[in-house]
Amino acid sequence: MTLRPALRLALVDIAVVIAAAALFPVFLALRAGGNQIIEAQPMDYLLLIFASLLIATGAQLVPWTQAPYVSFLAIPASAGLLFGILGAFGIGLAVLPVAIVAIVLLSRALRRRSLSLGRPAAIGGALTGYGAILVYIALIVPATVECRLNGGATSSGRWGTGVQQISSTGTVSQDGVVTGTVTTSTSVATYRCEQGRIVEFHRETR
């Protein structure tokens with residue numbers, strides 16, 4: 001890869017990462033609606049950035065006009081394989097057969113094409129597939145607090161223990177008002193729900 005294409009690839013990657021990071025809180029706010037508080041952690045942003053880099057790089061490596069079929073097969077093959085491994089104890093096992101079929105078809109398609117076309121198409125498609133699964137994981141940040149008509153729920157996050165360990169308390173009144181406290185080793189958050197809607201949330205550093 002010469003300097004000019006490499007520079008263009010890097011500039012596009014940077015632009016995609018900046019756009020993804022800027023739109024991430026907007027997406028979470030829309031997803032939260034009025035009944036959830038969703039707080040992205042640094043690891044969520046790092047995962048999103050890494051996934052965005054994979055997708056942006058993969059999409060640029062693929063020779064879309066010359067070997068789209070190879071890339072089309074590489075995307076579900078890599079995405080299905082990664083999802084199957086990560087979700088091996090759940091729905092991932094059901095996805096693995098699809099990934100295996102895609103891998104077999106991909107290997108046959110690669111044998112019918114020159115290495116100069118097949119290799120970047122397969123690599124680009126694989127990077128895009130891996131990135132798509134990681135983007136999905138980044139976007140499903142669990143809600144810190146979720147208000148429901150019959151109560152509320154809290155989450156400790158998904159990245160390790162320590163500061164993410166929580167203790168929570170809550171009360172439900174007869175008129176559907178839910179109040180509670182979420183305590184971690186670094187902060188204390190209080191919340192209030194009314195009729196399944198979050199009306200108050202405040203976090204203080206300890």
Side-chain angles (χ1 to χ4, degrees), residues 1-28 30-31 38 40-143 155 157-160:
M1 182 179 294
T2 61
L3 180 60
R4 184 172 296 179
L7 179 60
R8 182 180 60 186
L9 186 146
L11 291 175
V12 172
D13 284 354
I14 293 172
V16 170
V17 167
I18 292 175
L23 293 175
F24 191 32
V26 177
F27 170 81
L28 293 181
L30 292 174
R31 196 189 118 199
I38 302 178
Q41 300 168 13
M43 276 297 296
D44 296 314
Y45 277 94
L46 289 176
L47 180 60
L48 179 69
I49 289 172
F50 180 62
S52 300
L53 282 173
L54 289 179
I55 293 176
T57 302
Q60 293 181 84
L61 290 178
V62 172
W64 292 107
T65 58
Q66 297 172 305
Y69 180 65
V70 172
S71 302
F72 174 77
L73 290 174
I75 291 174
S78 58
L81 185 62
L82 179 59
F83 186 80
I85 294 174
L86 295 177
F89 297 102
I91 194 175
L93 289 178
V95 179
L96 277 177
V98 177
I100 293 173
V101 171
I103 291 172
V104 172
L105 294 176
L106 175 62
S107 63
R108 292 180 178 178
L110 285 173
R111 287 197 293 266
R112 296 194 296 267
R113 286 166 175 80
S114 65
L115 188 62
S116 60
L117 286 179
R119 182 169 57 184
I123 293 175
L127 293 178
T128 303
Y130 290 138
I133 296 300
L134 295 180
V135 163
Y136 169 74
I137 296 174
L139 295 181
I140 57 172
V141 180
S155 169
R158 56 183 178 180
W159 302 113

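What you see below is based on every heavy atom in this structure, not just the backbone, and it leaves out hydrogens, waters and symmetry mates.
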Trainee: Hey, could you give me the CZ/CD1 distance between Arg31 and Ile140, rounded to the nearest 0.5 Å?
Mentor: 7.5 Å

Trainee: Enter the distance from Ile18:CD1 to Ser52:OG here, rounded to the nearest 0.5 Å.
Mentor: 11.5 Å

Trainee: Measure the CD-CZ distance between Gln60 and Arg8 for me, rounded to the nearest 0.5 Å.
Mentor: 7.0 Å

Trainee: Does any pair with a residue in residues 40-65 pass ring pair (Phe, Tyr, Trp, His ring centres under 6.0 Å), and if so which ones, sequence neighbours excluded?
Mentor: Phe24-Tyr45

Trainee: Nearest 0.5 Å please: distance from the CG atom of Leu61 over to the OG1 atom of Thr128.
Mentor: 8.0 Å

Trainee: Once rounded to the nearest 0.5 Å, what's the spacing between atom CD1 of Ile137 and atom CD1 of Ile133?
Mentor: 7.0 Å

Trainee: Can I get a per-line list of side-chain donor-acceptor pairs under 3.5 Å for residues 77-94, giving both atom names and the distance, sequence neighbours left out?
Mentor:
unit_1	atom_1	unit_2	atom_2	d
Ser78	OG	Ala74	O	2.9
Ser78	OG	Ile75	O	3.2
Ser78	OG	Ala126	O	3.1

Trainee: A quick test of your reading: do over 12 heavy atoms of other residues, nucleotides or ligands sit less than 6.0 Å from CZ of Phe72?
Mentor: no

Trainee: At their closest point, which heavy atom of Ala56 faces which heavy atom of Asp13, and how far apart are they?
Mentor: CB-OD1, 3.1 Å

Trainee: Taking the side chain as C-beta and beyond, is there a heavy-atom pair between Val16 and Ile55 under 4.5 Å?
Mentor: no

Trainee: Minimum heavy-atom separation for Ala40 and Val141, please, with both atom names.
Mentor: CA-CG1, 4.3 Å

Trainee: On a heavy-atom basis, which atom in Leu139 and which in Leu28 lie closest, and how many Å separate them?
Mentor: O-CD2, 4.0 Å

Trainee: Let me check something: any side-chain donor-acceptor pairs from residues 114-125 under 3.5 Å, sequence neighbours excluded? List them with distances.
Mentor:
unit_1	atom_1	unit_2	atom_2	d
Ser114	OG	Ser116	OG	3.2

Trainee: Looking only at heavy atoms, which two atoms of Val70 and Leu106 are closest? And how far apart?
Mentor: O-CD1, 3.5 Å

Trainee: Rounded to the nearest 0.5 Å, what's the gap from CG on Leu134 to CG on Leu46? Could you check?
Mentor: 12.5 Å

